[in-house]
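Below is one structure; the comments refer to it alone.
Because the structure is a prediction, the values reported are computed rather than measured. Every heavy atom of this structure was used, including side-chain atoms; hydrogens, water molecules and symmetry mates were not. Positions are given from 1, in the same order as the sequence printed here. Ligands are counted one by one from 1 in listed order, and the atoms in each one are counted from 1 as well.
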Amino acid sequence: MAYLALYRTWRPRFFADVVGQEKTVAALLNAVKENKMSHAYLFFGPRGTGKTSVAKIVAKAVNCEHPSAGEPCNQCSSCLDINQGSFMDVIEIDAASNRGIDEIRALREQVRIAPAQGKVKVYIIDEAHMLTMEAFNALLKTLEEPPPSVIFILATTESQKIPATIWSRCQSYGFHRLTLEEIVVRLKEVAEAQKVLLEADAAVLISQRANGGLRDALSILDQILIYQTGEVISKQDVLDVLGVVDENFLNELFTSILIRDAEKTLYFLATALEQGKEGQQLVHDLSMYLRDLLLYNLIGNKAKFNIINDFENPVLQQLKKNHTSPRQILSAIKLLMNTGEKLRFSEGNKFLLEIAFLELLNFFHSDDHEEKKGDQAAAVTRAVRHNTADAAGEADAKLWTAILAKVKEQKIPTHALLSQGRLAGIKEDTAFIGFRKGYKFHKERMDEKVNKDILENVLKQLLNREIKARFFFLSDEQSNDYIINKAIEFFGEDIIEIKD
Ligand SMILES: Nc1ncnc2c1ncn2[C@@H]1O[C@H](COP(=O)(O)OP(=O)(O)OP(=O)(O)O)[C@@H](O)[C@H]1O
Ligand SMILES: [Mg+2]
Ligand SMILES: [Zn+2]
């Protein structure tokens, strides 16, 4: 018997088998039950999320000889024929093929002919966005005067390419990317049926790679099963098959970049290539890893990671300590994306990779921002450093702790604001306190008289003299909003969730 791909074997046959898409499934099931089907549907959403599968379930449900509570029986001859693709009244048209266009042309006459075999003719038009203008018009005419006993189901991954005139004549349902958990659950079920144990972190890794599409997830599992002879699938097995490098490897590689260790960085690169990783894949994985770091940098614990497993990852703490800015990470991602692009045209070019990685070493040099001309904050920081050498370092840290403690005694909200700042130093009669750009709100509140007075009183108590407080912004001149916009440009709105 020919081998049937897992994703085909596991095509859902009942509404109840469909993973996720609850609202859509409930609405359709209800319509079938109450005999209130519409003449035309538009299913839109990312690939491999169930559009064609649900369309076929609908086709069966309306033609089944023994339906039960809206579900098809999957046993009568109609159901069996539809599952096999040999039912005369369920017509699948692939709009992407030339034949598809001819079929739509012929469709206007054919739809008038009553169902031959079943109760309802169902036209499933896949990749509907590929229809030509001419085909859309032909379809539109039909939708304007829908013949009885005909249902059209249009499915598309590119809803923006469907004309408004079509939208307005269809009932539309959006299919969503499946969640990581939903995919993990189904993967485990499938693995179990194949009599293999899929370890938890292996399932998570596959799901991450599938990016919300169940077909892709099942295809990855399929590939692994082909290579795999044992009964257990570990994370390493997944990594081997996908040719990806894991979180630990990326941690080490990135750390060597952060500390500007050229030798180590090149060593990691060579190791990955020797182990058979594709250059492009490596660049892609590192970009995805940096994407995680960028999100963490922007929205902290609200970030949803693709590669990093949890907030315990030591590199996240390192980034904080180094005051790495989103802009630095973005520049690095940009460089990697350019490199990935170049690699497409020069397969396996190790030299390109080496240059790119060495260039990365410069991106995370944390003193860079102080060198910029015209940057007032940097000038202040420098002045403070030069003139109060002994007040710098440890002494400053101790003083800052004492200041925060005293402020807290006086007013907790003021402490909450101030604690996001850092004492850069005290020069003559002025204390300079820096805030990172994202803490504009904190800086502005601290500039208000009430809060400033509290701080200046504390300074006077601690240092026995009148000291003014001055607040300024640390590091980049770019605001975080700019960075967020850039990040959206790179990754698409749905990946980045910005919560206030
Ligand atoms: N929501 C889902 N529930 C259960 N299985 C699913 C689901 N989505 C996808 N699958 C699995 O993926 C396979 C392909 O799904 P389907 O053809 O329905 O996706 P699609 O949305 O039509 O994708 P495309 O846009 O690429 O045509 C199914 O046979 C099934 O194994
Ligand atoms: Mg499909
Ligand atoms: Zn049936």
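In this structure, Phe43 and Tyr173 have perpendicular ring planes: the angle between them is above 60°, well past the 30° mark.
Residue contacts with ligand 1: Gly20 is excluded, as none of its non-hydrogen atoms falls under 4.0 Å. Using 4.0 Å as the threshold, Trp10 has a heavy atom nearer than that to some atom of ligand 1.
Of the angles at the Zn ion (ligand 3), the one spanning SG of Cys79 and SG of Cys76 is 110° when given to 10°.
Checking only distances, Glu127 never comes within under 3.5 Å of ligand 1, N or O to N or O. By the 3.5 Å distance cut-off applied to N or O atoms, Arg47 is not counted among the residues near ligand 1. At least one N or O atom of Ser53 sits closer than 3.5 Å to an N or O atom of ligand 1. Looking at Lys51 next to ligand 1, an N or O pair under 3.5 Å apart turns up. When only interatomic distances are considered, the shortest N/O to N/O separation between Gly50 and ligand 1 falls below 3.5 Å. The N/O atoms of Arg8, backbone and side chain alike, include none that comes under 3.5 Å of an N/O atom in ligand 1.
Taking a cutoff of 4.0 Å between a charged side-chain nitrogen and a carboxylate oxygen, Lys304 and Asp292 do not qualify as a salt bridge. A salt bridge does not link Glu144 with Lys141: none of the charged nitrogens is closer than 4.0 Å to a carboxylate oxygen. Salt bridge status for Arg209 with Asp285: present, with a side-chain N to carboxylate O gap under 4.0 Å.
Of all protein heavy atoms, the one lying nearest to atom 26 (O) of ligand 1 is Arg215 NH2, 2.9 Å. Nearest protein heavy-atom neighbour of atom 9 (C) of ligand 1: Gly48 O, 3.1 Å. Considering only non-hydrogen protein atoms, atom 6 (C) of ligand 1 sits nearest to Leu214 CD2, 3.4 Å.
The closest side-chain donor-acceptor pair between Asp222 and Ser219, if any, does not fall under 3.5 angstrom. In this model, no donor atom of one side chain and acceptor atom of the other lie less than 3.5 Å apart for Ser325 and Asn297. In summary, the side chains of Glu252 and Asn248 do not present any donor paired with an acceptor at a separation below 3.5 Å, with no hydrogens or angles considered.
Residue contacts to the Zn ion (ligand 3): Cys64 brings an N, O or S atom closer than 2.8 Å. Coordination check, Thr52 versus the Mg ion (ligand 2): passed, since an N/O/S atom of the residue sits under 2.8 Å.
By the criterion of a heavy-atom distance under 4.0 Å, the side chain of Leu218, and not its backbone, is placed next to ligand 1. If you look at Val19 next to ligand 1, the close heavy atoms, those under 4.0 Å, come from the backbone and the side chain alike. Contact annotation: for Pro12 versus ligand 1, heavy atoms closer than 4.0 Å belong to the side chain alone.
Between the NZ atom in Lys60 and the CG atom in Asn74 there is a gap of 4.0 Å [rounded to 0.5 Å]. Atoms OH and CD1, on Tyr7 and Ile220 in that order, are 13.5 Å from each other to the nearest 0.5 Å. Separation of atoms CG (Leu29) and CD (Glu71) is listed at 5.5 Å; rounding is to 0.5 Å. Here Asp126 contributes atom CG and Ile93 contributes atom CD1; the two are 10.0 Å apart, rounded to the nearest 0.5 Å. Separation of atoms CG (Leu290) and CE (Met288) is listed at 10.0 Å; rounding is to 0.5 Å.
Here is the list of ligand 1 atoms found below 4.0 Å of a heavy atom in Tyr7: 13 (C), 28 (C), 29 (O), 30 (C), 31 (O). The Val18 neighbourhood of ligand 1 comprises atoms 1 (N), 3 (N), with distances under 4.0 Å to a heavy atom of that residue. When each atom of ligand 1 is checked for a heavy atom of Thr157 under 4.0 Å away, the hits are 25 (O).
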